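Residue numbering restarts at 1 for every chain, and letters A, B, ... go by the order of the sequence lines. Only a predicted model underlies this, so the values are computations on that prediction, with no experimental measurement involved.
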Amino acid sequence: MSQVTVTLPDGSSRQLAAGSPVREVAAAISPRLAEAALAAVVDDRLVDLSTPLAADARVRLVTDKSPEALGLTRHSTAHLMAAAVTALFPGAQCGIGPAIDEGFFYDFVVSRPFVPEDLEAIEAKMRELATADLPYQRQSWPREEALAYFAQRGEPLKVQLIQEKTAGQSHVSCYAIKDRDTFVDFCVGPHVPSSGKLKAFKLLSTSNAYWKGDASSTPMQRIYGTAFLSEKDLKAHLKQVEEAKARDHRRVGRETGLFTFHPWAPGAAFWLGKGTTLYNTLANYMREVLFPAGYVEVKTPLIFNKALWERSGHWKHYRQNMFLVESEGETMSLKPMNCPGHFLTFASEMRSYRDLPIRFHEQTPLHRNEASGVLSGLTRVRQFSQDDAHCFVRPDQIGEEVERLIRLVQRVYGDFGLPFSAKLSTRPDEFLGDVATWDHAETELKTALEHAGMAYTVNEKDGAFYGPKIDFDVTDAIGRKWQCATIQLDYQQPENFDLKYIGADNTEHRPVVIHRAIFGSFERFIALLIEHYAGAFPLWLAPLQVRVLPIADRHAGYGRTVVARLAAAGLRAELDERQEKIGYKIREAQLQKIPYMLVIGDREADDGTVAVRTRAGGDQGAQAVDAFVVAALEEVQTRRAGSPTVGATLAAAQSR
RNA sequence: GCUGGCGUAGCUCAGUCCGGUAGAGCAGCUGAUUUGUAAUCAGCCGGUCGGGGGUUCGAAUCCCUCCGCCAGCUCCA
């Protein structure tokens with residue numbers, strides 16, 4: 001019999017009989033590895049352990065330590081769930097069941113929606129099947145036979161999938177889980193060798209889905225679950241989900257008095273006093289950053305005649321998301337974006353090449369008529385404002401301007417202590433303009449990213465039809481990613497609006513527009529910050545920075561003096577002079593996540609001091625009022641994250 | 001928008017299955033207490049049971065409809 005040579009990652013090699021399954025490689029190395037192996041990577045392809053080795057190959061065995069293991073396990077768990085569902089719900093049809101970022105799902109056509117008790121029963125059945133350690137057998141079925149089998153089994157969706165995915169193939173890949181009734185699913189795999197490898201899983205929720213995500217297609221019931229390689233990882237994940245729930249900005253925002261909603265204005269927040277302070281702090285921060293960077297803040301109309309939207313193309317492509325207004329027989333629309341207003345502003349006077357780049361920044365409200373079902377807290381709203389700007393540049397200025405923008409993004413996220421990453425999206429299949437211009441633009445973006453020292457990934461063909469773009473993802477304190485900043489080149493709108501500047505050659509030229517935002521929208525960014533900080537904002541952002549807590553009524557007068565001094569220094573402070581015990585006032589201030597509590601009683605009133613308590617560190621002892629003010633102002637100015645003790649702040653200030 | 005769930009006092013929730021005129025805690029108000037680092041005690045106020053319509057002698061409860069909120073609506077065998 002002929003032999004094949006497999007090369008292992010450590011460079012060593014083994015000889016096996018040709019056609020041996022990959023699992024033999026593991027067995028040849030150690031029984032322990034044979035037991036631990038879940039799959040293998042053969043010449044860079046992830047395959048089952050049952051895959052025969054036909055020729056010499058590089059082989060790496062996948063165990064629960066390998067990066068591929070999690071997705072593999074989740075996909076196999078989805079199959080296990082499908083096996084359980086078909087066993088418990090005769091007649092259930094299976095759709096697709098992929099592994100996803102947080103776990104897996106599987107869609108079914110069933111006679112009634114699943115209820116929570118169903119999930120318990122399905123999960124119990126899954127445990128039973130896992131305990132039985134049933135093999136996942138990969139089988140190659142003649143295509144016609146597979147089609148006939150699924151048709152006979154009442155799985156028209158699988159038939160459709162086979163028809164669509166395997167046109168021209170003679171055989172198709174299926175997986176069988178052998179139980180009393182064998183569950184066979186059409187799937188490329190690969191899978192774990194047997195259900196006994198699936199130990200840590202949990203079904204989480206049900207929801208509606210449609211076949212292929214098309215609302216006009218067959219309605220299905222989706223079950224979401226998650227799976228991990230160990231019980232410990234699963235528990236950690238579930239705990240993280242709990243943590244995310246506790247940080248939910250909708251809950252924290254209400255509890256700390258930032259904003260509220262009313263059914264009469266769905267998708268539009270009411271910013272309460274504290275929320276408005278936070279909003280304004282961010283808006284002014286952005287102004288402080290942008291003014292020295294050469295931006296001009298403008299305010300353009302909120303309502304425009306339909307003619308503008310016809311010119312910009314929104315009327316054709318975006319009308320269903322626009323709020324329309326009738327006036328004297330004219331159709332107007334609330335603006336969903338600032339760009340057209342900025343184009344008109346640019347065109348309102350003659351521009352010289354010497355004036356470019358011209359940068360318009362605007363924070364006025366935008367309205368987008370989002371479908372009611374997608375509204376959600378502050379993250380998906382109908383009314384919001386962006387830290388929006390459009391940079392009008394000469395083609396030769398693109399690289400430098402983009403580099404400045406990347407540095408601006410780095411600076412801003414740095415001030416919030418938010419880690420982030422960049423994605424470059426390149427020319428899509430459907431695009432406007434010529435290839436040479438696109439290639440040039442993409443090169444400029446790459447160079448700018450490199451000059452700014454910004455690592456990035458490339459999303460091929462994911463650019464907008466009018467130009468390439470760079471998107472930035474922010475990672476919050478519990479590891480979730482939020483897409484916020486964007487930098488988009490636009491060659492198209494300057495054409496639509498016939499924008500021009502006079503060049504050094506005294507002829508008209510077309511500028512390029514760069515659309516850009518760093519926060520994205522204030523609403524969404526505030527949601528991010530609330531969840532990132534769990535409502536405990538760093539001092540510079542905290543709507544209420546200091547609460548003064550008198551022990552007894554007789555200390556209220558001194559309290560007013562202290563608050564006045566804090567306010568005069570520019571700190572946001574208030575007095576809690578209710579007739580409550582100090583423990584009660586502290587508890588409330590803690591729950592409101594106020595950074596500093598200044599307790600004052602007889603001792604403090606006599607000495608002109610305050611007993612400083614921090615939200616995070618508890619009682620810090622007494623300090624002179626002026627010392628506290630100096631330290632707190634320094635903390636605000638340096639925009640320090642967290643809430644270190646004032647003592648530490650002073651020590652740091654002195655050591656400089 | 002579509003599917004499912006939910007909507008009872010400012011908040012969190014019980015009562016809905018099985019129709020008989022709404023209840024708790026917190027918050028608020030009043031009073032007492034004058035308090036030293038995460039909840040002092042007592043009393044009181046507070047609800048068109050999301051809106052509208054219907055069934056019924058009688059509806060928070062059953063039916064219809066509208067509104068809002070929550071989750072989901074390809075991350076593609």
Is a side-chain donor-acceptor pair under 3.5 Å present for [Y] with [X]?
| X | Y | value |
| --- | --- | --- |
| A:Ser421 | A:Asp473 | no |
| A:His191 | A:Asp48 | no |
| A:Trp482 | A:Asp476 | yes |
| A:Glu604 | A:Thr609 | no |
| A:Arg254 | A:Thr260 | no |

Provide the distance between the two [atom1] atoms, one in [N] and one in [M], to the nearest whole Å.
| N | M | atom1 | answer |
| --- | --- | --- | --- |
| B:G51 | B:C11 | P | 14 Å |
| B:C18 | B:G72 | C1' | 33 Å |
| B:C69 | B:C26 | P | 31 Å |
| B:U3 | B:U74 | P | 16 Å |
| B:G68 | B:C57 | P | 35 Å |
| B:U16 | B:C70 | P | 27 Å |
| B:C2 | B:U48 | P | 31 Å |
| B:U55 | B:A71 | C1' | 33 Å |

In whole Å, what is the span from the [atom1] atom of [X] to the [atom2] atom of [N]?
| X | N | atom1 | atom2 | value |
| --- | --- | --- | --- | --- |
| A:Glu255 | B:C26 | CD | C1' | 12 Å |
| A:Phe270 | B:G68 | CZ | P | 14 Å |
| A:Lys245 | B:A71 | NZ | P | 11 Å |
| A:Trp264 | B:G51 | CH2 | P | 12 Å |
| A:Glu102 | B:G72 | CD | C1' | 14 Å |
| A:Arg382 | B:C67 | CZ | P | 11 Å |
| A:Leu375 | B:A71 | CG | P | 11 Å |
| A:His75 | B:C76 | NE2 | P | 11 Å |

Answer with base, sugar-phosphate or nothing: what part of the nucleic acid does [X] contact at a heavy-atom distance below 4.0 Å?
| X | value |
| --- | --- |
| A:Gly71 | nothing |
| A:Glu577 | nothing |
| A:Asp602 | base |
| A:Val374 | base |

**Report entry** Nucleic acid footprint by protein, nucleotides 38-44 of chain B - heavy-atom cut-off 4.0 Å, B for base, S for sugar-phosphate alone
**Finding:** BBB----

[X] side-chain proximity, nearest of [options]:
| X | options | result |
| --- | --- | --- |
| A:Ile100 | B:C69, B:U35, B:C75 | B:C75 |
| A:Tyr224 | B:G36, B:U34, B:G72 | B:G72 |
| A:Pro266 | B:C11, B:C69, B:C75 | B:C69 |
| A:Pro263 | B:U12, B:C70, B:G68 | B:G68 |
| A:Asp619 | B:G36, B:U37, B:C73 | B:U37 |
| A:Ile96 | B:C76, B:U34, B:C75 | B:C76 |
| A:Asp101 | B:U74, B:C75, B:G36 | B:C75 |
| A:Arg254 | B:C11, B:U3, B:G36 | B:C11 |
| A:Ala611 | B:U37, B:A71, B:U3 | B:U37 |

Can the ring centroids of [X] and [Y] be said to lie less than 6.0 angstrom from one another?
| X | Y | value |
| --- | --- | --- |
| A:Phe228 | A:His237 | yes |
| A:Phe104 | A:Tyr106 | no |
| A:Tyr224 | A:Phe105 | yes |

Taking pairing as Watson-Crick or G-U wobble with both contacts under 3.5 Å, can you name the mate of [N], or confirm there isn't one?
| N | result |
| --- | --- |
| B:G7 | B:C67 |
| B:C17 | none |
| B:A22 | none |
| B:C29 | B:G43 |
| B:U35 | none |
| B:C75 | none |
| B:C62 | B:G54 |

Query raised in the report: Is the number of heavy atoms from other residues, nucleotides or ligands under 6.0 Å of A:Lys202 NZ greater than 12?
Result: no

Query raised in the report: According to the interplanar angle, ranging from 0 to 90°, do the rings of A:Phe465 and A:His317 count as parallel (below 30°), tilted (30 to 60°) or perpendicular (above 60°)?
Result: tilted

For [N], take OP1 and OP2 only and decide whether either is under 4.0 Å from a side-chain N or O of [X].
| X | N | result |
| --- | --- | --- |
| A:Arg250 | B:C70 | yes |
| A:Ser376 | B:A71 | yes |
| A:Arg222 | B:C73 | yes |

Query raised in the report: Of A:Glu604 and A:His262, whose nearest nucleotide on RNA chain B comes first from the 5' end?
Result: A:Glu604

Query - Strand-adjacent residues in residues 137-166 of chain A, judged by heavy atoms under 4.0 Å from RNA chain B - result: A:Lys165, A:Thr166

Requested in this report: Run through A:Arg153, A:Gln152, A:Glu145 and flag the one making a side chain to side chain donor-acceptor pair (under 3.5 Å) with A:Tyr149.
Outcome: A:Arg153

Query - Any A:Phe270 side-chain heavy atom under 4.5 Å of A:Phe259 side chain - result: no

Query raised in the report: How far apart are the C-alpha atoms of A:Arg480 and A:Thr475, what are their side-chain angles, what is the distance that settles it, and do they pass the side chain to side chain donor-acceptor pair (under 3.5 Å) test?
Result: CA-CA 5 Å; A:Arg480 295 169 306 176; A:Thr475 304; over 6 Å; no

